[in-house]
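Working notes for the structure below.
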Amino acid sequence: MSGLELGHDSARSMRGRVVRVVFAVCAAVSILTTAAILLTLLADAVEFFSAVSPIEFFTGTRWTPTNEPVSFGVLPLVTGTLVITFGSALIALPIGLLTAIYLSEYASGRARSILKPALEVLAGVPTVIYGYLALVYITPAIDALVPVSTFNALSASIVVGIMIIPMVSSISEDAMSAVPDDLRQASYGLGATKFTVSTSVVVPAALSGIVSSFILALSRAIGETMAVTIAAGQTPRLVDLTDPAGVFLESVQTMTAAMVQLGASDVTGQSIAYKSLFAVGLTLFAITFVMNLLSELVASRYREVYR
Amino acid sequence: MDDQIRTESTRLQLTGGERSRVARERVYRLVLFLCAALSVVVTVTIVVALAVDAVEFFGMVDPVDFFTGTTWVTARDQFGVLPLVTGTLLVTAVSALVAIPIGVASAIYLSEYASPRARSVLKPGLEILAGIPTVVYGYLALIYLTDFLRGLGLDLGTFNVLSASIMVGIMIIPMVSSLSEDAMSAVPDSLREAGYGLGATKYEVSTGIVVPAALSGIFSSFILALSRAIGETMIVVMAMGLRPRMFDLTDPVGSLAESGQTMTSAMVQAVTSDVGAASPTYKSMFALGLTLFAITFAMNLLSNAIAARHREEYQ
């Protein structure tokens, strides 16, 4: 009888083990997929790099994959991506952070109940719509102030910036709401105003979450495709450091937009130009990966300092 | 007299200092409020801009035809949105079938079972998946996944719904797993300990206590992931083809093996095609955008309602 009971127990622990394996396999699926994606990208990139030297690719300053003379220098695309990322950061980081402070420290329940859904709507607008809005409304509006090209980095940066505001504000607000109230109360007890409490107590205490939100939002901006393809145009252009303002008024091409163009240019998938897509993809991937690692590092560095 | 003046001036200074401090606080508050209000203004502007163009479109095409029509052929001015809606729903349903079970099981593993070592491998892996640009997923679906599925004996077209949907599913796994894991990690340990104290196994604690307690967060993660799937553009443009097709209920497998078109890819097509900005084809993009927008908005509201309904039940 007791043996039976034990048997029952061991059946139960068997089941526990099986379940554990099932869960672990599910979790492993994501790792395997990630590895498989990396490998396929690598395999195609290696093929590309056997035709084009990596030095030429990473240091070249001209990107003309389909026109003569053919040249695969990725720098114009990298700088194009950086221009858009930088421009969108200028918009999204301050507005997002201030919005988060307002939501977490100042807003009444009523104000929150209007603001939060509005931010979620912004986050839910399909990126293709942002692209058209930039092209159809923002560019003409800018053109009325400063003459710009039909396709320009400025309006693309603005819409990408608007698009990533909700990411900055919602993640930062979560971090600020998690700051324990006794820190705030201690500061109020010393006679600090709400603004002093917000900027000198809450923001520093939530810094790791805020920095993570910045980095995640920026990787989203780097990987953004439709909005920049539609609004920034298809002109690979190395950023001219002597004329930083001019850069924003002209058309640029980002890595993602170049990939879309390459994919649309050739359906057979055999040409070197098509293969270059994977080299660009891998470069992009490396950049976002480094940014994600950075975000993890920052978050773990500051985590639980105030708990 | 002298005394009086002195008191007056002291009071003036005091109130003056207080007043400027209060005024400064008010300015700060106003600036913060304006930043927050900006997002509301932008949202409203976007909706209005879409609505204006959509109204123009509905001046050319009857809304009844638009919402009930079953043929989408812009070249022949047939604007029935249903094939695109069913295309979008099909992709969303299949990607949910892929992402929800794998995402939740991964979340349970990460939150309840995984050793710190396993977590340190899995979490970055998931983050890499989340960081891959969607354009890369699109090519992988078109070039590798379709071939792989054919290798399994499926009779698939070059562009097909199945591989696009599976890719979208893979793309949203990290959303489901990371948000669900956050919700599960937030379940207080005392609940788990009570379960163990009653002799429950780890599995029973996970599925009988942690998952129900974290249910609101888990549902929110589903809905957010599904709205991402609905709005996904690049993967479906590249891997699913551009043939609007009503979902055939009598032949579901056939529908998956063939090409299809979603609302997002129809929008891309409408704008990349060589038509004037005043043509109904171009304007149809805004009606589509508004429809899509309404769907994702409704899903976000649903997610909020569910989260609010179950919030803090266990805290």
Side-chain angles (χ1 to χ4, degrees), chain A residues 12-13 15-16 19-20 22-24 26-27 29-31 33-34 37 40-41 95 98-99 101-103 106-107 114-115 117-122 124-129 132-133 137 162 165-166 169 193-195 219 223 225-226 230 256 259-260 263 269 277 281 284-285 288-289 292-293 296, chain B residues 21 25 28-29 31-33 35-36 38-40 42-43 46 49-50 101-102 105-106 108-110 113-114 121-122 124-129 131-136 138-140 143-144 170 173-174 177 201-203 227 231 233-234 238 264 267-268 271 285 289 292-293 296-297 300-301 304:
Chain A
R12 204 169 147 193
S13 86
R15 208 169 57 221
V19 165
R20 187 196 182 93
V22 170
F23 286 152
C26 277
V29 164
S30 58
I31 296 301
T33 321
T34 309
I37 289 176
T40 49
L41 276 181
I95 296 179
L98 295 179
T99 303
I101 294 176
Y102 184 77
L103 281 171
Y106 284 82
I114 297 171
L115 284 167
L119 284 168
E120 262 154 44
V121 169
L122 265 193
V125 176
T127 58
V128 53
I129 294 183
Y132 297 124
L133 291 175
Y137 293 102
I162 291 173
I165 287 175
S169 69
T193 61
K194 192 155 217 163
F195 183 71
S219 18
T225 308
M226 282 322 293
I230 296 168
T256 48
M259 289 168 75
V260 171
L277 189 152
L284 192 56
F285 185 77
T288 46
F289 181 53
N292 277 337
L293 278 187
E296 279 292 287
Chain B
R21 201 173 148 184
E25 277 297 306
Y28 293 145
R29 190 193 182 94
V31 170
L32 291 173
F33 172 75
C35 275
L38 187 68
S39 54
V40 178
V42 171
T43 308
I46 290 177
L50 281 180
I102 295 179
S106 305
I108 295 177
Y109 184 76
L110 280 170
Y113 284 84
V121 177
L122 284 168
L126 283 168
E127 260 152 46
I128 293 179
L129 265 192
I132 295 173
T134 57
V135 53
V136 172
Y139 292 117
L140 293 174
I143 296 169
Y144 293 102
I170 291 174
I173 288 175
S177 68
T201 61
K202 191 153 216 164
Y203 173 68
S227 13
T233 309
M234 288 319 295
M238 285 187 272
T264 48
M267 289 168 74
V268 171
V271 139
M285 190 193 87
L292 192 57
F293 190 76
T296 45
F297 184 53
N300 276 335
L301 281 187
N304 274 7

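Chain letters run A, B, ... following the sequence lines, proteins first, then strands; residues in each count from 1. Values below: every heavy atom of this structure, side chains too, minus hydrogens, waters and symmetry copies.
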For this session: Measure the spacing between OG1 of B:T43 and CD1 of A:I165 and express it to the nearest 0.5 Å.
Result: 9.0 Å
Exercise. Of all of B:V268, B:V121, B:L122, which one pairs up most often with chain A through heavy atoms under 4.5 Å apart?
Worked result: B:L122
Exercise. In terms of heavy-atom proximity below 4.5 Å to chain A, should B:T296 be classed as side chain, backbone, both, or neither?
Worked result: side chain
Problem set entry | Pairs of heavy atoms under 4.5 Å with chain A: top-ranked of B:Y28, B:Y113, B:Y144, B:F297 | B:Y28
Seminar exercise, completed: Scored by heavy-atom pairs under 4.5 Å with chain A, the best of B:S227, B:G231, B:A105, B:S177 is B:A105
Exercise. Got a donor-acceptor contact below 3.5 angstrom from the A:T34 side chain to the B:G125 backbone?
Worked result: yes
Seminar exercise, completed: Counting heavy-atom pairs under 4.5 Å with chain A, the top scorer among B:T134, B:L38, B:I102, B:V31 is B:I102
Exercise. So, for A:I95 and B:C35, which heavy atoms are closest and what is the spacing to 0.1 Å?
Worked result: CG2-O, 3.9 Å
Problem set entry | 4.5 Å side-chain heavy-atom contact, B:V136 and A:F285 | no
Problem set entry | Most contacts with chain A, counted as non-hydrogen pairs under 4.5 angstrom, among B:M234, B:M267, B:E25, B:M238 | B:E25
For this session: Pick one of side chain, backbone, both or neither for B:F33, based on which atoms fall under 4.5 Å of a heavy atom in chain A.
Result: both
For this session: Indicate yes or no: at least one non-hydrogen side-chain atom of A:L122 is less than 4.5 angstrom from one of B:I46.
Result: yes
For this session: Check whether A:F289 gets within reach of chain B through its side chain, its backbone, both or neither, counting any heavy atom under 4.5 Å.
Result: side chain
Problem set entry | Nearest-0.5 Å distance that lies between atom CZ in A:F195 and atom CZ in B:R29 | 13.0 Å
Problem set entry | Main-chain N/O of A:M259 paired with B:Y139 side-chain donor or acceptor, under 3.5 Å | yes
Problem set entry | Geometric class of the A:F23/B:Y203 ring pair [parallel <30°, tilted 30-60°, perpendicular >60°] | tilted
